[in-house]
Amino acid sequence: MIRERRSVFVRIVRHAILLCGAVFMAAPFVWMVATSLKPKNEIFATEFHLLPKTWGAVENYHTALTQVPLLHYLFNGAVVTVAIFVLQVVVNMPAAYALAKVRFRGRALLFGAVLFCLLIPYQAVALPIYIFFSHIGLLNTYAALVLPFTISVFGIFLMRQFFVSVPDDLIDAARIDGISEYGIVWKVMAPTAIPALTAFGIFSLVAHWNDYFWPLIAVDNGRLFTPPLGIASLKLNGEGTAYGSLMAAATVVITPLVFAFLIAQRRFIEGVTFTGLK
């Protein structure tokens with residue numbers, strides 16, 4: 001009886017801590033949405049109220065969508081993030097498979113290099129890439145936004161860790177059936193790695209959808225701006241103090257990420273926790 005009560009108490013404390021953490025994490029987003037619904041005079045009001053007394057949502061969202069071509073920036077963000085993810089899968093899957101299941105001299109050394117590269121922020125190599133792209137004329141193009149992120153060492157590491165858990169018997173059976181190594185990657189390993197791919201896809205989508213640093217220096221053509229640059233351009237267009245429209249733009253930009261995570265939530269958790277094959 002004492003053990004059952006202790007177990008119930010532990011569960012209550014655990015859920016209370018998780019609830020507090022959820023409230024702490026969600027509070028900025030709730031405040032962002034609430035601010036996007038308020039007129040300017042209520043945003044700077046001294047008294048606190050979450051919901052507006054007078055709704056300013058129409059004006060704020062209209063300004064966010066018309067002051068700058070925000071929908072076009074969302075399209076650019078979708079093109080860039082999807083292209084990056086597709087190319088990362090094409091490159092990272094074979095690399096991860098080779099490091100996990102193919103025996104060759106120097107495999108451990110290469111995997112150590114992958115782990116070392118995880119420690120290097122991409123800002124450290126941004127200048128050489130910028131100079132190289134400038135020489136070959138790739139600046140101010142979609143390619144300039146996509147190509148630097150084609151190889152993801154984090155993606156290689158994540159997929160390699162998942163592939164290690166795949167039974168060798170499955171791969172041996174595929175080899176006996178005459179499937180090539182590349183065929184094993186795409187016909188055998190890829191279907192089993194859907195949870196890991198989903199988890200990596202969420203990480204990649206969030207990272208490159210929100211990336212401000214590289215697009216800021218890679219493009220100066222407004223037609224190629226990504227969502228973060230779009231929000232910055234809204235501020236630079238004289239709306240710096242119009243926090244309602246800025247929060248409306250931020251809400252519009254972040255909404256696709258929220259829906260993407262909600263749709264892929266179960267697979268994301270499976271990929272992160274490496275539950276293995278089903």
Under 3.5 Å, side chain of [X] to main-chain N/O of [Y], donor-acceptor pair present?
X: W209; Y: V253; value: yes
X: E59; Y: P39; value: no
X: S134; Y: Y130; value: no
X: K101; Y: V166; value: yes
X: S204; Y: G201; value: no

Original post:
Any side-chain donor-acceptor pair under 3.5 Å between S245 and Q67?
Top reply: no
Is it possible for you to say whether [X] and [Y] belong to one hydrophobic cluster, with membership spreading through side-chain heavy-atom contacts below 4.5 Å?
X: L115; Y: F154; result: yes
X: V258; Y: F24; result: no
X: V146; Y: V82; result: no
X: F104; Y: I171; result: yes
X: W55; Y: Y61; result: yes

Tell me if the [atom1] atom of [X] is crowded by more than 12 foreign heavy atoms within 6.0 Å.
X: Y142; atom1: OH; result: yes
X: H15; atom1: NE2; result: no
X: F213; atom1: CZ; result: yes

Taking C-beta and beyond as the side chain, do [X] and [Y] meet within less than 4.5 Å on heavy atoms?
X: S152; Y: F157; value: no
X: L229; Y: N76; value: no
X: V30; Y: L50; value: yes
X: L158; Y: F162; value: no

Rounded to the nearest 0.5 Å, what's the gap from [atom1] on [X] to [atom2] on [Y]? Could you check?
X: L145; Y: I84; atom1: CG; atom2: CD1; result: 7.5 Å
X: T226; Y: H72; atom1: OG1; atom2: NE2; result: 11.0 Å
X: L74; Y: L65; atom1: CG; atom2: CG; result: 8.5 Å
X: K38; Y: K53; atom1: NZ; atom2: NZ; result: 10.0 Å
X: L246; Y: L234; atom1: CG; atom2: CG; result: 5.0 Å
X: L197; Y: N92; atom1: CG; atom2: CG; result: 9.5 Å

Parallel, tilted or perpendicular: rings of [Y] and [X] (30°, 60°):
X: F225; Y: Y73; value: tilted
X: F85; Y: F200; value: tilted
X: F149; Y: W214; value: perpendicular

Subject >> From CA spacing to verdict: side-chain contact (heavy atoms from CB on, under 4.5 Å), I151, I156 >> reply: CA-CA 8 Å; I151 300 176; I156 294 174; 4.3 Å; yes
Taking every non-hydrogen atom, the tightest pair across [X] and [Y]:
X: A143; Y: F133; answer: O-CE2, 4.4 Å
X: A144; Y: P148; answer: O-CD, 3.3 Å
X: N140; Y: N221; answer: OD1-N, 3.2 Å
X: A260; Y: L205; answer: CB-CD2, 3.7 Å
X: I184; Y: I179; answer: N-CG2, 3.5 Å
X: V89; Y: P94; answer: O-CD, 4.0 Å

**OP:** Please step through side-chain contact (heavy atoms from CB on, under 4.5 Å) for the pair T54 and N41, ending with a clear verdict.
**Re:** CA-CA 10 Å; T54 303; N41 62 317; over 6 Å; no
Original post:
Under the side-chain contact (heavy atoms from CB on, under 4.5 Å) criterion, do W31 and M247 qualify, and how do the steps go?
Top reply: CA-CA 9 Å; W31 187 253; M247 293 301 100; over 6 Å; no
**OP:** Quick one: list whatever passes side chain to side chain contact (heavy atoms under 4.5 Å, CB included) with L18, sequence neighbours left out.
**Re:** R14
**OP:** Check the pair I254, M32 against side-chain contact (heavy atoms from CB on, under 4.5 Å), reporting the backbone distance first and the verdict last.
**Re:** CA-CA 10 Å; I254 204 174; M32 175 186 68; 3.7 Å; yes
Original post:
Residues sharing L51's hydrophobic cluster, by side-chain heavy-atom contacts under 4.5 Å among ILVMFWY, directly or via others?
Top reply: none
